[in-house]
Amino acid sequence: MNIFRLTGDLSHLAAIIILLLKIWKTRSCAGISGKSQLLFALVFTTRYLDLFTSFISLYNTSMKLIYVACSYATVYLIYMKFKATYDGNHDTFRVEFLVVPVGGLSFLVNHDFSPLEILWTFSIYLESVAILPQLFMISKTGEAETITTHYLFFLGLYRALYLINWIWRYYFEGFFDLIAVVAGVVQTILYCDFFYLYVTKVLKGKKLSLPA
Amino acid sequence: SMDPAKHDEL
């Protein structure tokens, strides 16, 4: 465990909590892509099946349980409790275009052709693109609430910090996981355009709105 | 150098 990994995890946790609190406090999930949140719930579910097979540390187990519980709570709030506020008309990204290719790729390129390992690989690939429905929704409506942009910032920051963590681990532990690194790079690149808007607009007190 | 069955990252 190094400082980049830890702050990455905490940044991820912050993103998840910010989104949950935003929905809970405003009693609304307007502007939030339910599809992205469903994909994240699927990501955590398929990745953390190793909770049943291997124990790594108390930290590891508790964080996994928190991530899974929060992602299911978010999906519940969007599709059940605050369904009336869900902006389904703008959440039109075709998720099968992500899930099907990612599913195929995880069968073809993995560390080990075993069910748990294929599901882990699937979750790594899927996580790298799971934010696309949310970014698509923002590009469609042309704007995002400031709190939603904070959520996206911490979510992107988490993967960026993981990249530094992997460089650290490569040099100091000889650890290198090509699948995680390639997917992590792809994931971070997807946030670059957003990071630019976040720094130039949101941090200067302006609302994130895209030119028409 | 990693055991694929033990992914220690989140």
Side-chain angles (χ1 to χ4, degrees), chain A residues 1-2 4-6 8-13 16 43-44 46-57 59-68 110-121 123-124 127 158-159 161-162 165-166 169-170 173-181 183-184, chain B:
Chain A
M1 176 71 81
N2 57 66
F4 304 108
R5 160 75 199 285
L6 180 64
D9 287 348
L10 293 178
S11 170
H12 197 182
L13 185 63
I16 292 170
V43 162
F44 290 134
T46 49
R47 184 174 312 169
Y48 298 157
L49 288 171
D50 66 351
L51 278 170
F52 297 105
T53 60
S54 59
F55 179 80
I56 291 158
S57 66
Y59 170 83
N60 192 280
T61 301
S62 5
M63 290 295 267
K64 283 175 176 172
L65 290 175
I66 293 170
Y67 286 179
V68 172
N110 51 53
H111 291 306
D112 180 34
F113 200 78
S114 67
L116 269 192
E117 193 58 28
I118 290 170
L119 285 168
W120 177 86
T121 312
S123 92
I124 291 288
E127 184 190 349
Y158 136 68
R159 238 9 182 183
L161 286 165
Y162 256 65
N165 155 59
W166 289 323
R169 292 191 73 177
Y170 177 74
E173 299 169 27
F175 170 92
F176 182 69
D177 185 337
L178 187 62
I179 287 177
V181 170
Chain B
S1 65
M2 62 166 296
D3 171 10
K6 254 198 160 198
H7 298 291
D8 67 338
E9 291 182 342
L10 300 167

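All values derive from a computational prediction rather than experimental measurement. First the proteins, then the strands, lettered A, B, ... as listed; each starts at 1.
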For atom CZ of A/Phe55, is the number of surrounding heavy atoms from other residues, nucleotides or ligands below 6.0 Å larger than 12?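 Yes, the 6.0 Å shell around CZ holds more than 12 heavy atoms from other groups.
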Set out, in order, the CA-CA distance, both residues' side-chain angles and the distance that settles salt bridge (Lys or Arg N to Asp or Glu O under 4.0 Å) for A/Arg47 and B/Glu9, then state yes or no. CA-CA 10 Å; A/Arg47 184 174 312 169; B/Glu9 291 182 342; over 6 Å; no
Could you tell me which of A/Tyr67, A/Tyr158, A/Tyr48 has the largest number of non-hydrogen atom pairs under 4.5 Å with chain B? A/Tyr48
I would like to know whether B/Asp8 and A/Tyr59 meet side-chain contact (heavy atoms from CB on, under 4.5 Å); could you show each step before the answer? CA-CA 10 Å; B/Asp8 67 338; A/Tyr59 170 83; over 6 Å; no
What distance separates A/Ile56 CD1 from B/His7 NE2, expressed to the nearest 0.5 Å?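 Separation between the atoms: 8.5 Å.
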Side chain, backbone, both or neither: which part of A/Phe44 has a heavy atom under 4.5 Å from chain B? neither
So for A/Asn165, is it side chain, backbone, both, or neither that comes closer than 4.5 Å to the heavy atoms of chain B?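 When you check distances to chain B, only side chain atoms of A/Asn165 fall under 4.5 Å.
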Please report the shortest heavy-atom distance between A/Asn60 and B/Leu10, naming the atom on each side. O-CD2, 3.9 Å
